[in-house]
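Here's the structure, in structure tokens; my notes come after.
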Amino acid sequence: MSHLVKMENGQSQTIQEMLGCIERYNPDHLKTLEAYVQDQAKNNTYDLEANLAVLKLYQFNPHMLNFDITYTILLKSLTSLPHTDFVMAKCLLLPQQMKDENVQTIIDLADILERADFTLFWQRAEVNRTMFRHIAGFHDSIRKFVSHVVGTTFQTIRKDQLKELLGGIEDSTLESWIKRNGWKHQGQGLVVVATQDDKIKTKNITEKIEFDNVGALMAQCL
């Protein structure tokens, strides 16, 4: 869905155009931006700049604060891990947002993900599943982050452990993630994530030292 912002002169701009000018701080555009946040959740798209603009408008206009939109923005920022979008969004929260129980739950989920305690995350996610059921692709976005961490941590991993880290998925779903990440089976119960050769890349380092730079140093040693 295309969102257009109506200017005071009667002309319309796209959200991206509006965010590039002073109009991003106009509270009259907040409803359009909030609708854009909802569309991101529905259509599995993401626009960090627009979402941060919403939180900034809440800072300037706390009487217009919408907690449901706040939850959606924070949860969408989790789907961008390992990028630091969640930290940026959290820094823009008002005190009344920080005190909210659901906001604290989302912050706890973010902390668990940052610690890579994925088993605990999926347990907490199941308890709070109604919180993000409106966000399309949420679980797969988290599994993408889990795959990133697994890929940088393991050379081989047990299939049952990998299934647990990815949220207790079925074998057929596991096969899809193995294929997506370019991993391979080894024997009956292991998955090869990366070989040692993949982890270690040799580099040729060439240093260029000018004589004038060395000459001054040698003169000081005489």
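Numbering of residues begins at 1 and proceeds along the displayed sequence.
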Does a side chain donor of either S77 or D85 reach within less than 3.5 Å of an acceptor in the other side chain? no
Do other residues, nucleotides or ligands put more than 12 heavy atoms under 6.0 Å from K163 NZ? yes
Salt bridge or not for E49 and R24, using N-O below 4.0 Å? yes
What's the shortest heavy-atom distance between L166 and S147, and which atoms? CD2-OG, 3.9 Å
Please examine the side chains of I106 and L78, heavy atoms only from C-beta on, and report whether any two atoms are closer than 4.5 Å. yes
Tell me if the CZ atom of R124 is crowded by more than 12 foreign heavy atoms within 6.0 Å. no
Answer with yes or no whether the side chains of H29 and E34 bring together a donor and an acceptor at under 3.5 Å. no
Just by modelled atom types, is the T156 backbone N or O under 3.5 Å from a matching donor or acceptor in the Q186 side chain? no
Rounded to the nearest 0.5 Å, how far apart are CG of D117 and CG of L165? 9.5 Å
Cationic N near anionic O, under 4.0 Å, K76 to D47: no
State plainly whether one hydrophobic cluster holds both M88 and Y36, where clusters connect Ile, Leu, Val, Met, Phe, Trp and Tyr through side-chain heavy atoms under 4.5 angstrom apart. yes
Evaluation steps, side-chain hydrogen bond (donor to acceptor under 3.5 Å, both in side chains), between T70 and Q97: CA-CA 8 Å; T70 300; Q97 289 170 302; 3.0 Å; yes
Decide side-chain contact (heavy atoms from CB on, under 4.5 Å) for Q161 and F154; before the verdict, give the C-alpha distance in whole Å, the side-chain angles of both, and the deciding distance to 0.1 Å. CA-CA 12 Å; Q161 183 182 6; F154 292 89; 3.9 Å; yes
Partner residues of K42 under the side-chain hydrogen bond (donor to acceptor under 3.5 Å, both in side chains) criterion, sequence neighbours left out: none
Step by step, would you call V192 with W183 a side-chain contact (heavy atoms from CB on, under 4.5 Å)? CA-CA 6 Å; V192 177; W183 300 336; over 6 Å; no
Evaluate the ring planes of H139 and F132, with Trp represented by its six-membered ring, and classify them as parallel (under 30°), tilted (30 to 60°) or perpendicular (over 60°). perpendicular
Taking the side chain as every heavy atom from C-beta outward, state whether M98 and Q104 have any pair of such atoms under 4.5 Å apart. yes
Just verifying a value: how many Å separate S176 OG and D171 CG, rounded to the nearest 0.5 Å? 12.5 Å
Could you measure the distance from the CG atom of L30 to the CZ atom of F60? Nearest 0.5 Å is fine. 12.5 Å
If you measure only the distance, is there a donor-acceptor pair under 3.5 Å linking the side chains of T119 and E164? yes
Distance in Å, L190 CG paired with L162 CG, rounded so as to fall on 0.5 Å steps: 11.0 Å
Applying a strict under-4.5 Å side-chain criterion to I, L, V, M, F, W and Y, I'd like to know whether L113 and L120 cluster together. yes
Does a side-chain heavy-atom distance below 4.5 Å link V193 with Q155? no
Look at the side chain of T105 and the backbone N and O of E101, then say whether any donor-acceptor pair between them is shorter than 3.5 Å. yes
Quick check for you: to the nearest 0.5 Å, what is the distance between L75 atom CG and F86 atom CZ? 8.0 Å
Within-4.5 Å side-chain heavy-atom neighbours: Y46 and N51: yes
Side chain proximity check, H134 to T72, heavy atoms < 4.5 angstrom: yes
N/O donor-acceptor pair under 3.5 Å between T152 side chain and V149 backbone: yes
M18 side chain reached by T32 side chain, heavy atoms, under 4.5 Å: no
With the 4.5 Å side-chain cut-off for hydrophobic clustering, are M64 and L52 part of the same group? yes
Apply side-chain contact (heavy atoms from CB on, under 4.5 Å) to L65 and Q96, showing your working. CA-CA 10 Å; L65 175 59; Q96 56 263 48; 3.7 Å; yes
Determine yes or no for a side-chain-to-main-chain donor-acceptor pair under 3.5 angstrom, with D100 supplying the side chain and V103 the backbone. yes
CA sep, side-chain torsions, deciding dist, call: V54, I69, side-chain contact (heavy atoms from CB on, under 4.5 Å): CA-CA 9 Å; V54 172; I69 295 297; 4.1 Å; yes
Do the side chains of V87 and I142 join up, straight or via other hydrophobic residues, at under 4.5 Å, putting them in one cluster? no
Over 12 foreign heavy atoms within 6.0 Å of CZ, R133: no
Closest non-hydrogen atom pair, A136 against N44: O-OD1, 3.2 Å
CG (N102) and CE (M131) are apart, to the nearest 0.5 Å, by 4.0 Å
Hits for side-chain contact (heavy atoms from CB on, under 4.5 Å) against D140, two or more places apart or cross-chain, chain-then-number order -> R143, W177
Please check: side-chain N/O of N26 versus main-chain N/O of D28, any donor-acceptor pairing under 3.5 Å? yes
Looking at L92, is its backbone amide N or carbonyl O close enough to the side chain of Q59 to form a donor-acceptor pair, meaning the two atoms are under 3.5 Å apart? yes
Sidechain-backbone polar pair: N66 side chain, D68 backbone, donor-acceptor under 3.5 Å: yes
Under the 3.5 angstrom rule, does the side chain of T14 hit a backbone N or O of E17 as a donor-acceptor pair? yes
Relative to the ring of F145, is the ring of F118 parallel (under 30°), tilted (30 to 60°) or perpendicular (over 60°)? perpendicular
Angle between ring planes, Y71 versus F67, binned at 30° and 60°: parallel, tilted or perpendicular? tilted
